[in-house]
There are 2 protein chains.
Amino acid sequence: MNTLRDPLLMPLTAEHNHQQCVSRALNTAEQLCLNRGVQLTAIRLQVLSLIWADHKAVKAYELLDRIKPLQSAAKPATIYRALDFLIEQGLIHRIESLNAFVGCRCSGQPHELLLLICKQCEEVEERAALEVMHTIANELTAAHFIVHSKAIEIQGICGKCALQSLSESST
Amino acid sequence: MNTLRDPLLMPLTAEHNHQQCVSRALNTAEQLCLNRGVQLTAIRLQVLSLIWADHKAVKAYELLDRIKPLQSAAKPATIYRALDFLIEQGLIHRIESLNAFVGCRCSGQPHELLLLICKQCEEVEERAALEVMHTIANELTAAHFIVHSKAIEIQGICGKCALQSLSESST
DNA sequence: TTGCTAAGATTACATTATAACAATCGCTAC
DNA sequence: GTAGCGATTGTTATAATGTAATCTTAGCAA
Ligand SMILES: [Zn+2]
Ligand SMILES: [Zn+2]
Ligand SMILES: [Zn+2]
Ligand SMILES: [Zn+2]
């Protein structure tokens, strides 16, 4: 079991080396696509890279603006097709409550997730939350409900921003 | 404690008397608005009634079409203002993963909820899911995350539809 | 009366997403 | 080779969802 990729073990701190996040994400993506016999084309790779610019939720039309210098012919469909592919391959997640997207920190491992969305810094933290998934599974069984997909999204203030507010208000 | 309004105790069956759902929802809404000193105006009441036409998720522009015969001047803003009001008052819920709305079955009681969205019949079941909320609270504490709002939405096939499929495939 | 506020009307626009069809490219069977 | 095929991308147009800005109206209080 590759615990290195468990987001719980790699907390998202202000000081982290983000270049590592990026290269790990892109390497994983290439490996996965190779193994699966699907094509990680230039456009798809560029969109993935742009999403991984940081840990913030990013909107489709933002991506469109950002990719224009690289792909001057890019249109909405260009972006949405790439996003569809990346979601299918489990390389990114769609955030329903924001109509936005974020890179997946544990691609390749099938996983359910809970998203913590900070309203202040806009960063999104992905957590496995096994206990939560377990109780949800129980609830679904009780309701005789057959699950296809889940969206579990919490909006609020992340620990980092909460700490900052505290230290600022105490000055 | 008013257990009568617990959706867990009032399962959504095919045979239920829906007129009761509607009148209960509208009566509760009137009472609540009266108590809170806010106005349940004609437009707001009409939108709420239209949402309660059934237990399905309904889209804003569907509501716009449906309300046109009653309010020929209705425009998108008409609907969205009414929806904003109804959400603020806790009379309806927004379904993030569908961009749609559904009547709340336990208005008046502050509550967190889990939404079960059937892809087949489009009905939405609201569940209190206290265990789930409890584990989520634990997870948020562990993450030092301050919650503002939650969206917990499960898509799949409801028990009713699953049963129907079974009986159909066995013929 | 005058001024205030909540609600609604109106217009215009912004944002998000998809449909439909054409063009291209790499591959393989013939 | 080349004809055909599937996957990808280009292109155009449009649908679907949501908001901003400004004005008007109705009710009510000073
Ligand atoms: Zn990073
Ligand atoms: Zn934050
Ligand atoms: Zn009913
Ligand atoms: Zn169903």
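Chain letters run A, B, ... following the sequence lines, proteins first and then strands; every chain starts at 1. Predicted, not measured: the structure shown is a model, and the values here were computed from it.
- With sequence neighbours left out, A/E131 forms a salt bridge (Lys or Arg N to Asp or Glu O under 4.0 Å) with no residue at all.
- Membership of an apolar cluster is not assigned to A/L34, as no side-chain contact below 4.5 Å to another ILVMFWY residue is traced.
- Using a 4.0 Å cut-off on heavy atoms, none of the residues of residues 86-100 of chain A approach DNA chain D.
- Among residues two or more places apart in sequence or in another chain, the ring pair (Phe, Tyr, Trp, His ring centres under 6.0 Å) test is passed with A/H18 by A/H16, A/H55.
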Please produce a list of atom pairs where a protein N or O lies less than 3.5 Å from an N or O of nucleotides 25-30 of chain D.
none

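- Taking B/S97 as the reference, B/E153, B/Q155 meet the side chain to side chain donor-acceptor pair (under 3.5 Å) condition, with sequence neighbours excluded.
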Extract all donor-acceptor atom pairs below 3.5 Å that involve side chains of residues 56-64 of chain B and protein atoms in other chains or at least two apart in sequence.
unit_1	atom_1	unit_2	atom_2	d
B/K59	NZ	B/L98	O	2.9
B/E62	OE1	B/R66	NH2	3.3

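- In the hydrophobic clustering, where aliphatic and aromatic side chains (Ile, Leu, Val, Met, Phe, Trp, Tyr) are joined below 4.5 Å either directly or transitively, A/V132 groups with A/L114, A/L116, A/M133, A/I136, A/L140, A/F145, A/V147, A/I152, A/I154, B/L114, B/L116, B/V132, B/M133, B/I136, B/L140, B/F145, B/V147, B/I152, B/I154.
- Qualifying salt bridge (Lys or Arg N to Asp or Glu O under 4.0 Å) partners for A/R44, counting only residues two or more places apart in sequence or in other chains: none.
- Of all nucleotides in DNA chain C having an atom under 4.0 Å from a heavy atom of chain B, the first and last in 5' to 3' order are C/dA6 to C/dT11.
- Taking the ring pair (Phe, Tyr, Trp, His ring centres under 6.0 Å) definition, one finds that B/H134 meets it with nothing, sequence neighbours left out.
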Can you tabulate the close N/O pairs, meaning under 3.5 Å, that link protein atoms to atoms of nucleotides 6-11 of chain D?
unit_1	atom_1	unit_2	atom_2	d
D/dT8	OP1	A/R44	NH1	3.1
D/dT8	O5'	A/R44	NH2	3.4
D/dT9	OP1	A/T41	OG1	2.6
D/dG10	N7	A/R81	NH2	2.7
D/dG10	O6	A/R81	NH1	3.1

